[in-house]
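A quick write-up on the structure given underneath.
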Protein chains: 2
Amino acid sequence: MVAALVGDPARANMLTALMTGRALTASELAQEAGITAPTASSHLSKLEAGGLIEPEKQGRHRYYRLTGPDVAGVLEGLAGLAARAGHLRVRTGPKEPALRHARICYDHLAGDLGVQMLDSMRAQKLIRQTKQTIELTTQGSRFVAEELRIDPATLAHPRRPVCKACLDWSERRHHLAGTLGAAIMTSFTTMKWAARDPSPSSRVVHFTRSGERRFEALFGTTGDAIRKT
Amino acid sequence: MVAALVGDPARANMLTALMTGRALTASELAQEAGITAPTASSHLSKLEAGGLIEPEKQGRHRYYRLTGPDVAGVLEGLAGLAARAGHLRVRTGPKEPALRHARICYDHLAGDLGVQMLDSMRAQKLIRQTKQTIELTTQGSRFVAEELRIDPATLAHPRRPVCKACLDWSERRHHLAGTLGAAIMTSFTTMKWAARDPSPSSRVVHFTRSGERRFEALFGTTGDAIRKT
DNA sequence: GAGATACTTCGATTAGCGTCGAAGTATGAA
DNA sequence: TTCATACTTCGACGCTAATCGAAGTATCTC
């Protein structure tokens, strides 16, 4: 029974944490629910078996998200019923405001700007995304050559895909990885649009004044997305 | 937590039995869930405390119904989620086809025709119903005097209301009780519109050919409601 | 009035499941 | 390769809650 899955307090906490639509790791969900990792693992496999959540493996992390908006809808309905009886529930905000704007993820751009770039490229039909695989369109090849000074021929690699969707740990949405993601980050650096923070352990990426303007020209929406924190 | 209430199999069976919108007694719900009366009583009080169901006391019976369509909506949503995982649920049909059309409930008319009559009287504004209390309108007083040969002055009683909504055990909707309900049934009998079944233990009410026609003329809809069984 | 029915409360039993520590597997970092 | 991190599996413990029999209360029937 599905309702029994939602009935347990620990699982309910996990599910409400996922109600934002963003994906969360198993450890984070464990912390959200106030339980240890083994317990969380057990709960997560049950929720997955019940079809409420689905995992996405990312290195040694396992990101979980709700399987669809219908699940969120039912959970919302249950919360509405609970509200009539006087119960309530609170959600804690995110953390780490510094790194959220722009940072290095391995060798490519992550954070708000990374997510925004992938969204924009998808909208401009520079890439074609089907499920998990992403590939550059012919229009996209021309774009990276002209605007970013990247030779598409240099992107091929025997063991690494050109394009790959990578889950962003601050936004919990995808940004662009793969050899193209790395090449774009390199281009940003060589063109002096951006630079990594000088301190050795920091992953923050600083955009220059003109770099941010050019980035906006290529991948900008209305600009709201960038300045939202 | 509300979901925990729905999570228990016994309670889930009860709730799905109530999904038809009709009210069921505690014993019936116990049988639906396959549990004994004490267990059912415990579950029902929990569901009531959670605001999912509400009781209506009727003599020594307690009829339970869902508190609202929103509850049914959420339950339906949960069932939809469960369906994706391969689970399913069946509902059994009603029983006792003989008594459903017209029968005596204490001293007044019940069954399909009883429900239909109350509905029609409400629609014709012969009665005014606010929550649990029902009263005859001036238009209704004239109606019962002229059409049913009932003197409205004789209906007053020190300990019994003139009009009362009574839950119908076959239709699980209200029909008219109270002194007016009794007087109307008496009128039907004296006017030879209907008569109780001769066998002593039977509660069936037989309408005559002309009686059913007159009843239809006063309280008829399209006639579909009567012949639906 | 006495008896029957519908339901509730009480108390004791039991089973299921959430919980965690410890050990095992996989992936990334050095 | 070696170490660290993220997660899973295993085994054992403990607690909640579902369950039912027996007794109690309310209501209808005769």
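To find a chain, count down the sequence lines: A is the first, B the second, and so on, and within it residues start at 1.
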Rounded distance [0.5 Å steps], CG in Leu5(B) versus CZ in Arg11(B): 5.5 Å
field: Ser42(B): partners by side-chain contact (heavy atoms from CB on, under 4.5 Å), with sequence neighbours left out
entry: Lys46(B)
task: Let me know the distance between NE2 of His61(A) and P of dA4(D), rounded to the nearest Å.
output: 17 Å
query: Atom OH of Tyr63(B) and atom C1' of dA6(C): how far apart are they, to the nearest Å?
result: 11 Å
- prompt: Which whole-number value in Å describes the distance from Leu44(B) CG to dT9(C) P?
  reply: 11 Å
For residues 180-191 of chain A, which side-chain donor-acceptor pairs fall under 3.5 Å, sequence neighbours excluded?
| residue | atom | partner | partner atom | Å |
| --- | --- | --- | --- | --- |
| Thr186(A) | OG1 | Ala182(A) | O | 2.9 |
| Ser187(A) | OG | Leu148(A) | O | 2.9 |
| Ser187(A) | OG | Ala183(A) | O | 3.4 |
| Thr189(A) | OG1 | Met185(A) | O | 3.0 |
| Thr190(A) | OG1 | Thr186(A) | O | 3.2 |
| Thr190(A) | OG1 | Ser187(A) | O | 3.1 |

field: Nearest-Å distance for atom pair CG/C1', residues Leu24(A) and dA6(D)
entry: 15 Å
Which atom pairs link the protein and nucleotides 25-27 of chain C when you take only N or O atoms and keep those under 3.5 Å?
| residue | atom | partner | partner atom | Å |
| --- | --- | --- | --- | --- |
| dT27(C) | OP1 | Lys57(A) | NZ | 3.1 |

query: Whole Å only: how far is the CG atom of Leu29(A) from the C1' atom of dT8(D)?
result: 15 Å
message: Return a single string for nucleotides 19-25 of chain D, one symbol per nucleotide in 5' to 3' order, where B is base contact, S is sugar-phosphate-only contact and - is none, cutoff 4.0 angstrom on heavy atoms.
response: SBBB---
- request: Give the rounded distance in Å between these two atoms: CZ of Arg62(B) and C1' of dT9(C).
  value: 13 Å
Rounded distance (Å) that lies between atom C1' of dT19(C) and atom CG of Asn13(A): 15 Å
message: Just to verify, what does Glu135(A) make a salt bridge (Lys or Arg N to Asp or Glu O under 4.0 Å) with, not counting sequence neighbours?
response: Arg128(A)
- line: The side-chain contact (heavy atoms from CB on, under 4.5 Å) partners of Ala72(B) (sequence neighbours excluded) come to Met19(B), Leu66(B)
query: Taking the side chain as C-beta and beyond, is there a heavy-atom pair between Leu18(B) and Leu52(B) under 4.5 Å?
result: no
task: With sequence neighbours excluded, tell me which residues meet side-chain hydrogen bond (donor to acceptor under 3.5 Å, both in side chains) with Thr36(A).
output: Thr39(A)
message: Which residues pass the side-chain hydrogen bond (donor to acceptor under 3.5 Å, both in side chains) test with Arg122(B), not counting sequence neighbours?
response: Asp119(B), Gln129(B)
Which residues share a side-chain contact (heavy atoms from CB on, under 4.5 Å) with Pro55(A), sequence neighbours left out: Glu48(A), Arg62(A), Tyr64(A)
- request: Report the distance from atom CG of Leu5(B) to atom P of dA17(D), rounded to the nearest whole Å.
  value: 11 Å
